[in-house]
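Here the structure comes first, spelled out in structure tokens, and everything after it is commentary.
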Amino acid sequence: MKPKVVLKSPREVALMRAAGGVVHRVLRELARLVRPGVTTAELDARADEVIRAAGATALFRGVQNRQARFPFPACICASVNEQVVHGIPGDRPLQAGDIVSVDCGVRLKGYCGDAAETFAVGPLAPEAERLLAVTRQALAIAVAEIRPGRRWSAVARRIQASVQQAGFGVVREFVGHGIGQEMHEPPNVPNYFERGLCEDFELVPGMTLAIEPMVTAGRPEVVLGDDTGWPVVTKDGSLAAHFEHTVAVTADGVAVLTNGE
Ligand code: MG
Ligand code: MG
């Protein structure tokens, strides 16, 4: 049996927008702070302050993962260069030319928001610049394609095509997800589609989804980066980028809940 997708009322979508607003504020604040010499632990500390000041709680801290040796210890994931997702904030200073993907999720008044953005640390090499542009664009394409009555597979194929036409890879092992009172709810929301391999679903008003393309500059395969079981890295060591928004399907299209509006 397919897991049941919980549709949200307009009141619940408004609560998710409030949570999404906190996530947006965190990412804007960190965008301002990212520069050579800053550590990802410093970014995490600032995110923690912004989340607490808003009366929200960080969703990632304490998350368990079957492969991991300990629960996730921070309030953001900060994934540098070849790290794709689940990077643990630490004391290594960011260097000019690095890219850092920051993923942030919060719960406010019982409802969740989840978003991610990859930031440039100082000027980037042209390939890294293009990777960020293509991944940001893949998320924009997905949002623009969402409307009620459409199958997710149609949207996923557009994401996949836009990334692969740029010569980059779409990560398959990690996908987007439904979101609401819980950070991870059904359905799975892949950034690619293969009949028989991916479950498809129809987009209907009241559905709330975290859409999150993860894109690699080289091959799309990923592996665990170390023995903690947390950071996920590209198998070939190539750079990876990650952009994410929480959205709601509406009667006539889509509303982005993590863009600060
Ligand atoms: Mg996220
Ligand atoms: Mg997510």
Side-chain angles (χ1 to χ4, degrees), residues 20 23-24 26-28 30-31 34 40 43 76-87 94 96-105 113-146 152 154-177 179 188-193 198 209-223 225 231-247 254 256-260:
V23 174
H24 173 78
V26 169
L27 291 176
R28 300 289 36 93
L30 299 192
V34 167
T40 50
L43 298 180
I76 57 167
C77 295
S79 307
V80 180
N81 294 339
E82 77 284 358
Q83 294 182 337
V84 185
V85 287
H86 303 168
L94 295 170
D98 283 348
I99 58 174
V100 57
S101 301
V102 176
D103 196 343
C104 179
D114 184 9
E117 187 168 340
T118 302
F119 300 115
V121 184
L124 296 183
E127 180 78 343
E129 197 78 68
R130 201 167 69 86
L131 177 69
L132 264 54
V134 166
T135 313
R136 185 190 293 276
Q137 180 66 15
L139 177 57
I141 287 169
V143 170
E145 292 284 326
I146 292 173
W152 174 256
V155 180
R157 284 198 174 102
R158 292 294 307 273
I159 298 175
Q160 184 176 11
S162 73
V163 169
Q164 290 177 346
Q165 279 160 17
F168 294 143
V170 176
V171 172
R172 293 174 177 238
E173 288 89 340
F174 294 87
V175 298
H177 48 93
I179 177 169
N188 285 331
V189 184
N191 299 298
Y192 66 100
F193 190 78
C198 302
L209 305 171
I211 318 270
E212 48 181 316
M214 288 153 254
V215 175
T216 61
R219 299 279 314 157
E221 292 82 14
V222 300
V223 292
V232 172
V233 301
T234 55
K235 194 173 175 189
D236 65 4
S238 64
L239 296 177
H242 179 206
F243 284 80
E244 177 180 25
H245 271 311
T246 298
V247 308
V254 64
V256 179
L257 305 180
T258 42
N259 62 2

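Remember, it's a predicted structure, so these values are computed and weren't measured experimentally.
Interatomic distance, L209 CG to D114 CG, rounded to the nearest 0.5 Å: 11.5 Å. We find the CD-NZ distance between E82 and K235 to be 15.5 Å, quoted to the nearest 0.5 Å. Going from atom CG of L139 over to atom CZ of R136 covers 9.0 Å, rounded to the nearest 0.5 Å. Here the CZ-CG distance, from F119 to L43, works out to 8.5 Å after rounding to the nearest 0.5 Å. Between L132 atom CG and E127 atom CD the span is 11.5 Å, to the nearest 0.5 Å. For the atom pair L239 CG and L124 CG, the distance stands at 9.0 Å (nearest 0.5 Å).
The shortest side-chain heavy-atom distance between Q83 and V232 does not fall under the 4.5 Å cut-off. The closest side-chain heavy-atom distance from P231 to H86 is not below 4.5 Å. Side-chain contact between T40 and V80 is present, with at least one heavy-atom pair separated by less than 4.5 Å. Between V102 and L27, some side-chain heavy-atom pair lies under the 4.5 Å cut-off. At a threshold of 4.5 Å between non-hydrogen side-chain atoms, the residues V155 and I211 do not count as touching.
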*Worked verdict on V171 versus T216 for side chain to side chain contact (heavy atoms under 4.5 Å, CB included)*: CA-CA 7 Å; V171 172; T216 61; 3.7 Å; yes
*Where do V233 and V222 land on the side chain to side chain contact (heavy atoms under 4.5 Å, CB included) test, with the steps shown first?*
CA-CA 5 Å; V233 301; V222 300; over 6 Å; no
_Working note: V189 + V175, criterion side chain to side chain contact (heavy atoms under 4.5 Å, CB included); need CA distance, chi angles, decisive distance, verdict._
CA-CA 6 Å; V189 184; V175 298; 5.7 Å; no
*Please step through side chain to side chain contact (heavy atoms under 4.5 Å, CB included) for the pair M214 and V85, ending with a clear verdict.*
CA-CA 8 Å; M214 288 153 254; V85 287; 3.7 Å; yes
*Start with the C-alpha gap between H242 and F174, add the side-chain angles, then the distance that decides, and say whether ring pair (Phe, Tyr, Trp, His ring centres under 6.0 Å) holds.*
CA-CA 11 Å; H242 179 206; F174 294 87; 9.5 Å; no
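Between the side chain of N81 and the backbone N or O of V100 there is no donor-acceptor pair closer than 3.5 Å. Although no hydrogens or angles enter the test, the distance criterion places no donor-acceptor pair under 3.5 Å between the side chain of R157 and the main chain of N191. Under a 3.5 Å cut-off, the side chain of E129 and the backbone N or O of P126 do not form any donor-acceptor pair. Using modelled atom types, no side-chain atom of W152 and backbone atom of F193 make a donor-acceptor pair closer than 3.5 Å.
In this model, a donor atom of one side chain and an acceptor atom of the other lie less than 3.5 Å apart for E212 and H177. Side-chain contact of T118 with S101: a donor-acceptor pair under 3.5 Å is present, judged by distance alone. For the residue pair H245 / T258, a side-chain donor-acceptor distance below 3.5 Å is found, with atom types taken as modelled.
In this structure, E117 pairs ionically with R28, as a charged nitrogen and a carboxylate oxygen lie closer than 4.0 Å.
Across all non-hydrogen atoms, the minimal contact from V23 to G113 is CG2-O, 3.5 Å. Scanning all heavy atoms of the two residues, the minimum distance from S238 to G218 falls at OG-N, 3.1 Å. A240 and T234 make their closest contact through CB-CG2, 4.0 Å (heavy atoms, listed as atom of the first residue, atom of the second, distance). Between C104 and V26 the shortest heavy-atom distance is SG-CG1, 3.9 Å. The two atoms that bring S162 and I141 nearest to each other are CB-CD1, 3.5 Å, heavy atoms only. Here the closest non-hydrogen pair linking A120 and V34 is O-CG1, 3.7 Å.
The cationic atom of R172 (NZ for Lys, CZ for Arg) lies less than 6.0 Å from the six-membered ring centre of Y192 and within 45° of the ring axis.
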